[in-house]
Structure formats: C-alpha cells, structure tokens
Amino acid sequence: MLRRRPDSGLGNIRSSPAAPGRNIDWTLLIGQGLLTIIGCFIVYSATFTRGTDPYQFVIRQVIFAIAASVAMVVVMSLDYQWLRDRARLIYAATIVVLFGILVLGVATNTRPLLAIEIGPIQIQPAEFAKFTVLIALCAYLTDDRKNEEVDYARFLGSLIMVGFPAVLVMAQPDLGSGTVLVAMAMGVLLVAGAKARYIIAISLLTLVTMGAAFIGNLVNDYQLERLKVFIDPDNPDLEDNVFQVRNAIRAVGTGGVFGKGWLRGELVNRDVPVVWADFPFAAVGEQFGLVGGMLLLLLFLVVLVRIWRIAHLSRDLFGTYLCAGVFTMLLWQVFQNTGMTIGIMPVTGLPMPFISYGGSSLVTYFCMFGLVQSVHMRRMR
Amino acid sequence: MATDRRVARLGVLALVATLLFSALGVRLWFLQTVESAQLQALVDDTRRVEVQIPPERGRIFDTEGRVLADNRGTLTAALDWAVMRDDTDRATIFNRLAGWLDLTVEEMETRYDSGRYSRYRPMPIAEDVPEDVAVALQERIEDFPGLLIEPAWERVYPYAPLASHVIGYMGSITDQTEDYFKELGYDTSSQGERVGASGLEQSYETVLHGQWGKIVYEIDSANRIVRTVSSTPAVNGQDIVLTLDLDIQYYAERLLITQLRDRRNFTTSNPEVTYPNGQRGPMDRSLPVGTQVRYPAPSGSIVALDQDNGSVLAMASYPTYDNRWFSPEFGDRFDELFPANVPDDQARLINRAIQGRYNMGSTFKLFTAYAALATGVLGPGETYNDQGEYRLTSISEDRCAEGVRCVFRNALCSGTNRPCVYGTVDVEAALAVSSDTFFYRLGEKFYTIPGTPFQDAVTQLGLGKDPGIDLPGAYDGQLATNEVQARMADDGALGENPSRTLQPGDLLQMSIGQGITAVSPLQLAMGYAAVGNGGTVPTPHVVRMILAPETPDHPTKPGYANLSGATIARHVRPAGTPAPMPPATRDPIVNGMRRNVTGPGANGASTTAEELFAIGYPASAIPIGGKTGTAQGRNNYPWNDSSAFAAFSVDPERPITVVSYLEKAGYGSVGAAPVVKCMYLAFSGLITLDPPPIADPLDPEDTVAAHDLAPVDQECMRSTNAGTVAALD
C-alpha cells in the first residue's frame, strides 16, 4: 500500500486519495521515531556503567519499542470511531483494573504498588489509563452534542469521569500520572468549549485539594518531602531528597553549551539515582549541553505542532478532542519532567515520553500517537 | 468541517505550549551558560568518597586460649580511577607517590595495566603502608588527589606451622565459589577479599567473617575531608575456641616426625618367594634376594579423640606446611613451595588424619569382631582351631585347582619366620594375638549369608560414610561392596579381568583390613571410641565453642586470649550416633584389645603389642585396649608395609582414643604403636610437654614449605625386645 510505481503518470489510481493508508502524517511518524531512537541512546548512556551487562537496559528498551510499534499499527488500523462506540466498555475496564491494583496494594501491604507483574513484564495500569480515559472523555463530550459550549452539567460530568480514575491513580500513589489525567481533562475541556471560568475554577479546586491532601497527610511522606525540597532546597533535613535534584541540576549545568560528549556523563552515572527512568534529560544535558537539550525540545515541539495540526484538520469533533488530549498530555509530561530536572518543577515520578526507560509509558504513547494518526488518516473520509 | 470555535480554542492550547516551552528554554539557557561554571566549581568541590571498613576476622584460640590465628591491622593506599584516566595526570601522581610508598613508577604502571582490579573501587597501589607514611600522606592529602588510605586486615598465624592442617589458610574467591560468596554479600571482584580456603578457616568462614562497614566522606577539590556523610561500622567476626590443646598438639607433631625419621633408619630384606610358575626367586625382581631396603616412612598422622564426646584433642599430619605461605605477598612462591608433581605420599596439603585413604590392616579386626558378635555370626565363647592357614570352603576344589586363591595364611611369626599357629582361640585371644585365620573364617561366613550384614554393622561403627567432622574434605571411606567392586573393576583399578562382584576372598581380605576397604585414621578412631565408650560413635569436632566478637587478649600472658573475659555465643556439642553394643558383644572385644596390650598371648606366642607396653608404661598411665595393624602396600613389598595402631581408654575418667598411621614404615608394633604409647603417656601427664614456641618470621627465600620440628625424647618408644615369638603385625 506504500508502493507507487515510477513514471506511472497518473500516480496510484488504484486507491482513492482519501484512503487511510495514503494519509499517514509522515512528519509526525518520523519525529516519533527519532525521539524513540534518541531515547534508546540516552537509556544506554545512563545505564552502561551499571550491573554486569552494559546493554541490559537498552536491549529491553528496544524490545519495548518493537512491541509498542506493533500496538501502534493496530491502533492506526482501527477507525477511531470504532473505539468511540466502545468507550463505555473501555472506561469500565480501566476503573476495574485501577481499583484492582489499589486493593491488591492495600491487601498485600506493598505500597506504593504501581505495577502488576506478569512473568518478567511489569505493567503500569496508570500509564494505560491515560489512553483509555482520553477515549472515554472525548466520547462523552461528543455524545449527543447540541450546542457549542459545554454546559455546566456536562462539565461536571466530565470532571467526575476523569476525577474518579485520577483519584484511584493518585491513591496508588502515583501523583504524577494523576496530574497528567487532570491536565488532559483541562486541555480537552478547553478545546471542547468549556467556559474559561470553569477551567480556572477547577484549576484552583485542584490546587486546594492537593494542598488539603498534603496537610491531611493523605499523601506519602516522600511526596511531601519532594515538594518541600522544591520549596526549601537548603533545608538540611531534606539532604537525601535534595541530593537527587541537586545533582540532576549540576549534571545539566556542567554540561555547558556543547556538553561533555557521548558517554561522558560522569555525574548522571554517579550521583543521580534512577537517571534512566526519572531524569533522562539530565543525561541529555550533561552529554550534549544546551545544544542537545534544545534540539530535543525542538523535536518535541515539531511533534506537538503536527498533533495540533491534526486536531485542526480533523473532520469531526471526536478526532479534534482526542488530539487535543494527546497534545496536552505530551506537553505536560515533557514540561514536568524537564522542569523537575532543571529545578523549575517539583519532583514527581513522571517519565519523559519516548526518552525515559520503561515499557508501559512507551506502549501508551505509541498507542496515543497511533490514535492521532488514525484521526489524520481518516480526515478526508 | 464542523463550524465551531475550536480554532480559537486550539489557539489557546498552542499559546500555553509556547509559554511552557519558552520557560524551559530560558531556564535551560540560563543553567547551561550563566550558571555552568559556578556549578562545575561546586561539583569539583564536593565529591563523595566511600571508605570500606573491613571487619576483623574472628580469631582462633586453642582450648587454653592461645591465639592460633590472629589479625594484623594494615593500611592500604588506593587511588581513585578518575585521577588515573589521563596519562599525564597518572604520571604525575605516580611520580609523587613513588618516594613515599617506596615503589617505582613502573611498578605502579604494571598494577594499573594488570587489569586485576575492580573499576568500581579505588585501585590499591600499595598494601601494608607503614603508619607514619600513611599519616604523612594524609597530612599532605591535597598534593595527592584521588588518594585514599584504607584500613585492611592481614591474617597471621603466631604458632605456625603447628596445627596448620586443622587451622587451614586463606585464599582468593574462586570461580566455583564466586556465586556463593556474592550471595553472602562478599566483595567478589577480582582482588576482592580473601576467604577461608582450607581447614577451619574454610569450614567456619561465615562465622569468622563478620560484615563490612562503610564511611562516606564528602571531600573538597583538594581531596580534604569536609565532613562525614554517613558511617556504618563493621561487624567483626566471631572468635572460635578449639578442642585442641597446643601443648599436646606440639608434642604430637614432633613425635610423629621423630618416629618417621627414626623408621627411615630401619631396613627390611627382599624376600624369596614362589612365583606363579612354581619357580622361586626374589620378590622385587630388580634386587637380589636378601637385599636390605630402607623403609621410606614418608608420611603419617596421629589423631586423638575424647572418646565420649568426639572432641579432637590432637591431630597431626606429616609432611606439613607453614600456613603463612598462603599470604598474598608470597603468591609468586607458591608453585616452588608446593610443587604439583610430588608423589602422593609426600603431598603436604593433605590432612592425612581425615583425608588418608588407607587399608587399616589388623586394626580393622575390631570391626570384624563387632560385626560377627553383633549379628550372631560368631556365637558367645565360640572357638576356632588356628593351624596357621585357612582354606576356603565355599569354593569347589576344582576352581582352587584352576588357580583361584583358596588358601590364606597367618602373618609370619617373629623368631620362626613361618605363619604363626595359635591353636584353639576364642575371639578374645584371636584379637590379642591377631589370628588372621580366625577372622578369615568369619569373612567367609559373612559371604555365605544373604544381604550385607558385615558392611552394615561396620557402617554402624562409623566407616564408609561422612564422619561429620567440622573440617572440610574429610574422607567418607569405602567398604567392600558389590557396587564398589563393580565400579573399581570398570575403572580398571583392579588389574586385568577382575570380577565385577565380590568373591569369598574379597570378604576374607576385608575381615583383616585389606582389599578394597579404605578408612581414614579419624574413622578408625571413631570406631574404637565407640567400643571404648560402650556404644556411641562420637561425632568428631575441632571447635569447642563460638565466642562473641572481640575477645580481649590476656592481660599478662602474651600470645593468649582472655577466655574468662569472653562471651560465649554457643557451644559446639554435636550428638553421636548409637552403635548397639550389649556386654556380650563389647566385653570380648574390650578384653581382647586389652590383652593385646598387656598379654598374655596364646599357645606360647606373645601378643603383638605386649613387649612394647611391658616397659615404661606404669600403672598410673591411662589403661588402654589397642590393636596393631600392618597394611600391605604396592606389590606387597615389605618396605611398603604401612604401620597402624589404634587404642581406646578403658578408664572412664580419662576417655581418650588415639590412632596413629605411618605410611611405609613397617610393622604396626614397631611403627605406629610406639607413637600411640607416647601419646598416652603424654595424656597421662607422665611426659613433660615443652611449651609451643611463637614462630619466627618466615624467611622469604626459604625453599621448604615447613621445616621439621625438633625431635622428642624417644625413651617412651622403648620395647623390652625380649625376643619372644609374636605375629609380625
């Protein structure tokens, strides 16, 4: 389907220009591929000094990427409207799994319990929830749509719809993934036509809720300490927590304009714990400097622009909302992860999409990008 | 396209994205240009170094508290890999250190290039740095970036080479043991820590080892310690107290050497024999009949047990070695000191007391008598008319005529040089005079009844299975069974066309301690101890108790620990295994063994040991029952005869079993028996024991792994030499 005979004059006339297969956004696909490949290199440079086999992490990451590509092709081949028809089922399954893992965590007293182990594979349901809740929310917002603005009832319904899984995720506790769900909801609601004051109101409410959760000791101590570190980095009681961020900042800072060079990231490999999952940007900054960091951000920007464009071109609202949701999540995660690495955001466990080591995140983002491609592929239908 | 305001709304989203990315960009630019130099300075300023604190290994004390294995604290100078990566930096630091550490730059470069050291820890550049040098280096530490002074321990053996085989030595972690030690949290990187590789050092490794500690320092760019970040103290290893008393151990080791060297002065003649073709000629065809050949007496062992509880009171093996040679500083001398191509009977590292694989000769008759009495093969008071030879009855005359050996003779009698004839003997007399034919008959009886009652009974006395001693590598022993016979036949160990099943003759051989049955001296002692104590095979053990770490030194006696100030972590008291021994079984054996030592013999013949014990063994000495044994060696040449003697105490107040085995040293009555006699006199307090000396430092140029100790007075070995007729056994 990708073949075109040379000098055939009329081009490929055997399929319509509107056929999905002829409408893949190649710029987006190539951008995504580049990010994934860069991610593998960064994972290697941040793990090759650990353990006996320098390739043990990167080999797994490559396998994750292959598995994720398969999942993406499946999603691309599906009409996104097909998913819309099954939104309720998808949402119900998500809630059951999230609730299940929470109960399992409490029952076995392993907290935080973020992943389900199936043989050698660890699956983080919170990651997949980003994908499924997005579909459910967009379906809900386009269901029986009459007027352009989202009315108060539907707005409230949306909040409950996203709030429930978000609370379940935060209770795991995975605060970072919870914030991604909230950010996604806000992005989708904004594009769907919620009044600006609703959004402002809900933003304030979220902040107040989080504040209350901290004060009421509903969140884990380490999350509280991470926040304290952000507010008061010189507090000597927080030495161990400061350590991680301070060294990440130092790693990026000492990278300078051009970086220290490939595999010369001494600080990240010595002083930054779990750099391959939590602080990949520190590895980028230390090895490739300002130039490398900026290029990576630029690549993310290119991808964001393409998603934005697809949202714009979508023939239906459902597609637009989906793209808006993916856009917001990607934006939020890149900003949050990079921000915490360079000290302008508090530390959460949010991975950097495509770059951080981890299969669940990679598969989820490939699926979401597949969804975006699906919208683009079927825009002329 | 839907007609809505989504373009405007999407625009808001784009605006937010632009804002957020701008924020990232600005911060990144600021961080990596403006703040970069300042952060670099901070990074250079605060580095962390980890100093590993090794645990002090548990010490080993003898039963009196003598420190047999001690530790010496040393200091190691190590360099961070980071400062050596650059060639010029490395040359500079090596040059600066050369004078201080008394090393050449080339030597340091050799280490750097050797690839022997883990890249995850600073590379040791010099071990055993004198304390004043270490202090001086620490004072000038800013001149030596990356230098780290780390504490280390070196194992020392103050009384070496005494009890080397028991204490053992330390060695590197091998490929085979790497996983095991890694699991236990050891540093298994190459040139990582050393572990017990032999003896108690090996078997009590996990008790002695302790746990590593660690101090993390923050250091500034001048390599000065700014502050301690964290500190985990090391947990030192537990000390162990042995059942050995070094006084008696020292005596035993010297006694063993004295007798072996003495035996080398004696000769035996090449006898005339009848060849299978009927002709007569010299036994060793390379020598004329009557040629005098010296006994080589290359090696031997002594083991003494508390026969009630299995405590090892002395354990000597010769030839021995000085365990200080296993220190890493002598690593290049190893092949020279312990050449691989020495004959088995001169190998030094073997602890012959527990690893020797021997025929036990007539000392085995105790086991045969026990098996026969316990199973009813021999009735109470049953006698046999010993006419000097035994003819098999379970084999037809025809097969005998075909050349199968059917006639078995007694050992030769001194004075007559013909097989002894003892007349009518019961088991007691048969043991006393060592009548072979009496036991041959029992061997054949065992052959004719189904099952393996002989082997089973002997196993019950501790043979043919793991003796359970707390030393590594003890020999399990081997009994004559159909399985062993088949295996050895298949391996080609039994000559041409061997039978794959036991024949009557094989059980006859077993009944007098010859053939394929093999036993270690320790196992022999265990069986004798069981008869001595009345029915329990004791589990032998060298460790008496385990102490809490850091037992203090004795305040006044140098070389001793203060055991009264020690905290006992646990006692080592392994239970023995019962061996049923009603009086009807035990009494004749005890009486026979006792008679072997005290006399009288039978039919005009003396017992094998009575002349020896008739002189210099007063009534105040421990009363014993014992048995001589002479095991034939290669080609049955008389100079290959090995000498055994085993004895137990019949005084419940002084329950001591002693076994000695001297390889290729002649008859049991002249080789091993005098050694055992002297040991009992020593245990009885009738011999003045010299205090064991603290060892002199090793001579690094020495070419011998251990020099012979000074001999002991041989008075206690004297025999009456009355010229009586007795079995040469």
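Numbers restart at 1 for each chain; the letters A, B, ... are given by sequence-line order, proteins then strands.
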Looking at side-chain heavy atoms only, is the closest gap between [X] and [Y] below 4.5 Å?
X      : Y      : answer
A/L297 : B/L28  : yes
A/I342 : B/F30  : no
B/L10  : A/F327 : no

Closest-packed option against chain B by number of heavy-atom pairs under 4.5 Å, given [options]:
options                        : answer
A/G187, A/G289, A/A324, A/G255 : A/G289
A/G256, A/G259, A/G293         : A/G256
A/F281, A/W332, A/F300         : A/F281
A/T320, A/L267, A/V257, A/T338 : A/T320

Which residue pairs pass the ring-ring contact (aromatic ring centres under 6.0 Å, His included) test with at least one member in residues 179-200 of chain A, sequence neighbours excluded? A/Y152-A/Y198, A/F155-A/Y198

Relative to chain A, which of B/V34, B/L24, B/V16, B/L39 shows the most heavy atom pairs under 4.5 Å? B/L24

Give, as side chain, backbone, both or neither, the part of [X] having an atom under 4.5 angstrom from any heavy atom of chain B.
X      : answer
A/I249 : both
A/F335 : both
A/T341 : neither
A/L301 : both

Between B/S36 and A/G253, what is the shortest heavy-atom contact and its length? OG-O, 2.7 Å

Crowding at CZ, B/F334 (>12 non-hydrogen neighbours, <6.0 Å): yes

Is the number of heavy atoms from other residues, nucleotides or ligands within 6.0 Å of CD (B/Q52) greater than 12? yes

Looking at A/L290, is its backbone amide N or carbonyl O close enough to the side chain of B/W29 to form a donor-acceptor pair, meaning the two atoms are under 3.5 Å apart? no

Using only atom types and a distance under 3.5 Å, with no angle test, would you say the side chain of B/Q32 pairs donor to acceptor with the backbone of A/V252? yes

For a quick test of your reading: what N or O donor-acceptor pairs under 3.5 Å do the side chains of residues 190-197 of chain A make, sequence neighbours left out?
| residue | atom | partner | partner atom | Å |
| --- | --- | --- | --- | --- |
| A/K195 | NZ | A/E149 | OE1 | 3.0 |

